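The block underneath contains the structure these notes are about, expressed in structure tokens.
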Amino acid sequence: MTENQPEQRELRYDPRQIEEKWFAQWQADPNLYAAEPHDSKRKKYYVLEMLPYPSGALHMGHVRNYAIGDALARYMWMRGYNVLHPMGWDAFGLPAENAAIKNKVPPKEWTLRNIEHMKAQMKRLGFTYDWSREVTTCLPEYYKWNQWFFIQMYKGGLAYRKKSKVNWCPECATVLANEQVLSNGCCWRHEETTVEQRELEQWFVRTTRYAEELLQDLDKLENWPEKVRIMQRNWIGRSEGALVDFKIDGPAGPAGDKITVFTTRIDTIFGATSIQLAPEHPMMADLIGNDHSLHAKVEDLMREQGKAKEAGDIGGIEKHGAFTGRYAINPFNEEKIPIWVANYILMDYGTGAIMSVPAHDERDHEFAQKYGLEIRVVILPRRTGEPAGPDDNERPVLPYTEKESLLINSGGFNGLSNNEAIEKMSAYAEQHGFGKKTVTYRLKDWGISRQRYWGTPIPMLYCEKCGVAPVPEDQLPVLLPDMTEITLQGGSPLARVPEFVNAICPQCGGRTRRETDTMDTFVDSSWYFYRYTNARLADRPLDTATVDYWFPIDQYIGGVEHAILHLIYSRFWTKFMRDLGLVHNSEPVERLFTQGMVIKNGAKMSKNKGNVVSPDDMVARFGADSTRMYALFAAPPDRDLEWQEAGVEGVHRFLSRTFRFVMRYGKTAKSSSAHDGVITPAGRAIQRKLHQTIKRVTDDFQGRWHFNTCVAAIMEFINELYGVEEEIAKGNFPASVLADAQRKLVLLLAPFAPYLAAELWQVLGEKDTLLRHPWPEYDSALAREDEIEYAVQVNGKLRSRVAVPADSPEEVVRERVMADEKVRASLDGKQIVKTIVIPGKLVNVVIK
RNA sequence: GCCGGGAUGGCGGAAUUGGCAGACGCAGCGGACUUAAAAUCCGCAGCCCUUAAAAGGGGCGUGGGGGUUCGAGUCCCCCUCUCGGCACCA
């Protein structure tokens with residue numbers, strides 16, 4: 001008993017000892033995970049996980065994201081690919097600045113310190129990142145190129161400055177892009193803070209120039225989740241329609257003599273009984289003149305709309321409006337219709353003006369009923385060819401908004417179907433010069449100005465004499481000055497740094513003022529993955545030939561919360577760079593995977609809820625291998641994962657079992673040659689299970705990505721090995737099978753539990769690095785079952801199981817089944833109608 | 001309101017093409033080892049009925065209702081709940 005104890009200690013799986021040993025060894029080799037250069041003859045594989053914001057420490061969501069990516073990277077290494085697996089830091093952003101304000105720590109210092117810590121965590125977790133390619137977006141060597149790109153955009157008319165109503169988050173003390181406002185009107189970072197509307201002069205990037213291509217190319221992204229493509233399609237919001245000019249009756253003002261409306265239903269234009277304008281419509285002043293009560297009314301409507309927008313409930317607004325006292329002429333029938341102003345008309349969609357057709361639009365109908373406007377039916381629920389007639393019995397239930405329709409009361413267009421009418425009427429409007437077909441998008445240009453310090457300075461100058469001009473490219477980067485004392489009172493912090501603001505005009509040599517806003521951090525993440533291909537390149541953002549080799553990214557992995565924001569900006573940026581001639585690909589990402597959230601007690605982990613599980617804690621208690629493997633085992637990667645500590649223990653127990661098994665039999669298998677060449681039934685069973693396991697794991701990597709089931713398969717295999725332990729201990733088990741099984745077990749484990757796999761590989765006497773060892777080949781002959789157990793049903797109910805040699809012809813299967821006692825008992829005295837045999841699976845006997 | 005995902009034991013989940021529902025893991029129960037416990041190993045384990053008990057047998061069962069089929073967690077129709085996205089977008 002006493003002599004048993006040292007042996008027990010030796011067999012205990014101690015992840016700390018094993019992981020620290022291999023950690024030290026791996027750290028000593030900086031090129032261990034380095035990709036080969038782009039002239040490599042090997043096939044490339046670019047696997048990428050979304051880069052983190054260096055908030056201070058990794059959370060479980062990160063660990064899950066990176067565990068998926070790392071398993072894949074390791075697998076592809078073992079398949080012989082030239083794997084690019086980089087990591088970096090989305091290092092500009094508000095938390096650093098807020099921490100600086102609170103604790104008087106310079107944002108740079110705070111950020112770099114966090115990066116050091118998180119990088120150490122990543123290394124400890126054993127991820128295969130090529131750190132020589134690390135990208136840190138807050139460093140001048142990186143953000144210099146943000147500035148350079150911005151200048152190219154400016155030159156190409158893709159960046160412009162405009163005063164407009166913008167989303168303002170009081171908590172962030174800066175402007176937000178449309179994509180950064182949640183649907184309830186709150187800030188994406190401060191889910192409790194309502195975003196306000198402010199009028200500001202801002203820099204915009206013309207994403208809408210690529211709206212059509214961004215939409216069209218979604219169809220090519222077959223390896224993206226359908227869900228993400230749908231979300232982007234909705235976000236771009238393409239809508240086909242027509243613009244139609246309505247002449248204003250009476251004197252024209254400075255804003256012109258007509259109102260242009262956008263409509264998708266020009267076929268209903270004969271039913272237009274009023275024009276409705278957004279309260280902010282530029283024509284408003286002309287129309288209402290100096291009627292004070294009307295002015296006040298328009299102000300009210302504007303305020304109501306603003307409030308509803310802020311509440312994120314523009315859809316729930318109670319419709320109000322007012323008659324402006326003026327009329328417009330419907331160009332199709334020369335009819336005079338009243339011009340109204342209404343709080344439900346949005347200035348930032350279409351033209352901010354609509355023709356109101358109460359009979360065939362729900363909103364117009366509601367409004368018309370409220371204010372007693374005329375409701376005129378101009379379409380019937382009919383197809384062409386069917387007899388038409390404005391019979392009262394045939395009046396549709398109003399509002400009738402279906403497309404399937406036939407025109408009535410529409411002059412020369414009567415009798416046309418909806419589609420014909422849209423074509424003919426658009427053409428008619430175009431011929432007569434008062435309208436045309438058009439396409440509008442919900443997508444807006446991207447406002448990138450931020451009134452904050454910790455970001456890329458926008459490289460623009462404002463000269464009193466020469467006007468707006470970009471900083472000359474040879475003067476880049478415009479360095480972000482060090483600042484410790486940051487306050488958010490009164491706009492951009494940089495405006496209070498005279499050394500920064502004051503500059504010399506490159507044209508006239510006179511005094512000029514720098515732009516003091518910084519860029520949205522989504523600029524940084526829009527192209528960082530190109531920089532990885534040549535991260536230290538000094539004179540260009542990227543090398544085209546290198547990008548050609550590595551792109552597109554073969555697999556991108558990250559949270560679905562970026563489905564619109566980051567992923568639409570990135571796609572835009574790629575198209576822009578392609579048109580600059582910098583890259584040749586039109587899309588950055590070939591295959592996208594969005595993993596689910598990590599939750600605890602049914603809720604997303606957050607400090608507020610106090611349900612945060614620390615990766616450091618898990619690693620300290622169970623080891624990196626168990627932590628990573630549990631993150632893969634607990635749920636399929638695309639679904640949410642409920643973190644259960646008992647589950648981590650379970651995975652840890654499995655690794656212990658694996659460890660003990662190889663420690664016991666790894667060496668004996670190698671030295672013993674007993675029973676070599678003779679494969680016992682137990683040996684055959686292990687061989688079979690081994691190859692079935694190889695197939696399951698390999699298949700999951702190749703397609704399905706259900707790592708939870710391949711971990712389960714490996715668990716089954718170790719259970720099977722323990723099932724023959726007695727035979728092994730007695731020396732009745734074929735040594736070659738045992739040795740082979742253990743070697744391949746370790747190889748299968750390598751992508752999931754790299755530390756333990758490395759240790760056991762060494763125990764088995766292997767010298768090479770697992771990452772460079774070929775993945776085990778699946779042998780279908782070895783995986784084949786000798787005997788198949790058929791499930792036998794009678795009228796669909798399971799009645800018996802009958803074992804039949806594999807590949808038995810159907811007749812033999814039938815014979816064996818009919819000979820079975822239980823089956824005969826079930827069939828007793830009944831008439832067999834038919835018998836269905838599913839080869840290799842099941843027999844169903846149908847009786848009467 | 002529109003679009004998309006999901007609902008399977010006490011829990012996380014499995015069932016890949018319409019073919020044995022509940023793999024694997026957790027929790028639970030029983031046994032072995034131990035003075036004892038932990039650890040470990042082996043076994044049982046959806047629910048209900050039948051039985052003194054066990055063996056055995058039978059019925060029900062994948063959110064609810066209907067359908068197709070020899071056969072449905074899987075396909076079709078209707079409904080409920082839930083999570084996500086969008087929402088006077090003219």
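No hydrogens, no waters, no symmetry mates; every other heavy atom, side chains included, goes into these values. Every value quoted in this text rests on a predicted model; they were computed, and no experiment measured them. Below, read A as the first sequence line, B as the second, and so on, with proteins coming before strands; counting in each chain starts at 1.
Look at the C1' atom in both B/C3 and B/C89: the space between them is 15 Å, to the nearest Å. With C1' as the reference atom, B/A39 and B/U34 are 11 Å apart, rounded to whole Å. Separating the C1' atom of B/A14 from that of B/G25 is a span of 11 Å, rounded to the nearest Å. Using atom C1' as the reference point in both B/G4 and B/G10, the two lie 31 Å apart (nearest Å). One C1' atom belongs to B/C47, the other to B/G9, and the distance between them is 9 Å to the nearest Å. B/G85 and B/G73 have their C1' atoms separated by 27 Å, with the value rounded to a whole Å. For B/C79 and B/G59, the P atoms lie 35 Å apart once the distance is rounded to whole Å. B/A21 and B/G46 have their P atoms separated by 13 Å, given to the nearest Å.
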May I have the step-by-step check of salt bridge (charged side-chain N to carboxylate O under 4.0 Å, His left out) for A/R16 and A/D14, ending in yes or no?
CA-CA 6 Å; A/R16 179 178 311 211; A/D14 178 5; 5.4 Å; no

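Atom C1' of nucleotide B/A87 and atom CD1 of A/I317 are separated by 14 Å, given to the nearest angstrom. Atom CH2 in A/W643 sits about 17 Å away from atom C1' in B/C11, given to the nearest Å. Atom P of nucleotide B/C70 and atom CD of A/Q793 are separated by 13 Å, given to the nearest angstrom. The nearest whole Å value for the distance from the NZ atom in A/K689 to the C1' atom in B/C24 is 10 Å. The CZ-P distance, from A/F659 to B/U40, rounds to 14 Å in whole Å. Going from atom CD1 of A/I564 over to atom P of B/G84 covers 15 Å, rounded to whole Å. Look at CZ on A/R229: it is 15 Å from C1' on B/C3, rounded to the nearest Å. A straight line from CD1 of A/I838 to P of B/A72 spans 13 Å, rounded to a whole angstrom.
Classification of B/G66 as anti follows from a glycosidic angle more than 90° from 0.
A/N844 contributes a side-chain N or O that forms a donor-acceptor pair with the base of B/C70 under 3.5 Å.
Comparing atom distances between the A/I354 side chain and each of B/A90, B/C60, B/G57 picks out B/A90 as nearest. For A/Y349, whose side chain is taken as the heavy atoms from C-beta onward, the closest listed nucleotide among B/A90, B/G12, B/U40 is B/A90. Taking only side-chain atoms of A/R363, from C-beta outward, the nucleotide of B/C89, B/C70, B/C11 with the closest atom is B/C89. Closest contact between the side chain of A/R639 and the listed nucleotides B/C24, B/A7, B/C70 involves B/A7. Nearest nucleotide to the A/K227 side chain, out of B/G59, B/G84, B/A90: B/G84. Between B/G59, B/C86, B/A14, one nucleotide has an atom nearer to the side chain of A/N708 than all others, and that is B/A14. Taking the side chain of A/H706 as heavy atoms from C-beta on, and the options B/G13, B/A14, B/A90, the nearest nucleotide is B/A14. For A/K841, counting side-chain heavy atoms from C-beta on, the closest listed nucleotide (B/G25, B/C41, B/G19) is B/G19. Among B/C70, B/G59, B/C3, the nucleotide with an atom closest to any side-chain atom of A/I230 is B/C3. Which of B/C86, B/G12, B/C41 sits closest to the side chain of A/R657 comes down to B/C41.
When heavy atoms are screened at a 4.0 angstrom cut-off, A/F633 is found touching base atoms of the nucleic acid. Within the nucleic acid shown, A/E789 comes within 4.0 Å of at least one base atom, counting heavy atoms only. Among the atoms of the strands shown, base atoms are found under 4.0 Å from some heavy atom of A/I345. Across all strands shown, A/R799 has heavy atoms under 4.0 Å from sugar-phosphate atoms exclusively, and none from any base. Contacts of A/D640 with the nucleic acid, taken as non-hydrogen atoms under 4.0 Å apart, involve only primed sugar atoms and P, OP1 or OP2. Nucleic acid contact class of A/N719 (heavy atoms, under 4.0 Å, all strands): sugar-phosphate only. Among the protein residues, A/E642 comes within range of no part of the nucleic acid, since none of its heavy atoms lies under 4.0 Å from any strand.
A 4.5 Å side-chain heavy-atom check between A/C710 and A/F752 finds at least one atom pair inside the cut-off. The closest side-chain heavy-atom distance from A/F654 to A/I718 is below 4.5 Å.
Using a cutoff of 4.0 Å between basic side-chain nitrogens and carboxylate oxygens, A/R303 and A/D300 are scored as salt-bridged. Checked for salt-bridge contact, A/K822 and A/D820 miss the test: no charged N lies under 4.0 Å from a carboxylate O. The existence of a salt bridge linking A/E821 and A/R824 is excluded, since no basic side-chain nitrogen approaches an acidic carboxylate oxygen closer than 4.0 Å. Ion pairing of A/E366 with A/K370 is absent here, as no side-chain N (NZ or NE/NH1/NH2) approaches a carboxylate O to less than 4.0 Å. For the pair A/R233 and A/D219, the salt-bridge criterion is met [side-chain N within less than 4.0 Å of a carboxylate O].
The main-chain N or O of A/H320 is found under 3.5 Å from a side-chain atom of A/N343 such that the two form a donor-acceptor pair.
Closest-nucleotide positions on RNA chain B for A/W235 and A/R660 were compared, and the one nearer the 5' end corresponds to A/R660.
With pairs defined as Watson-Crick or G-U wobble and both atom distances under 3.5 Å, the stems of at least three pairs that touch RNA chain B come out as B:1-7 with B:80-86, B:10-12 with B:24-26, B:28-32 with B:40-44, B:46-50 with B:56-60, B:63-67 with B:75-79.
Relative to the six-membered ring of A/F717, A/K689 misses at least one condition, a distance below 6.0 Å or an angle of at most 45° to the axis.
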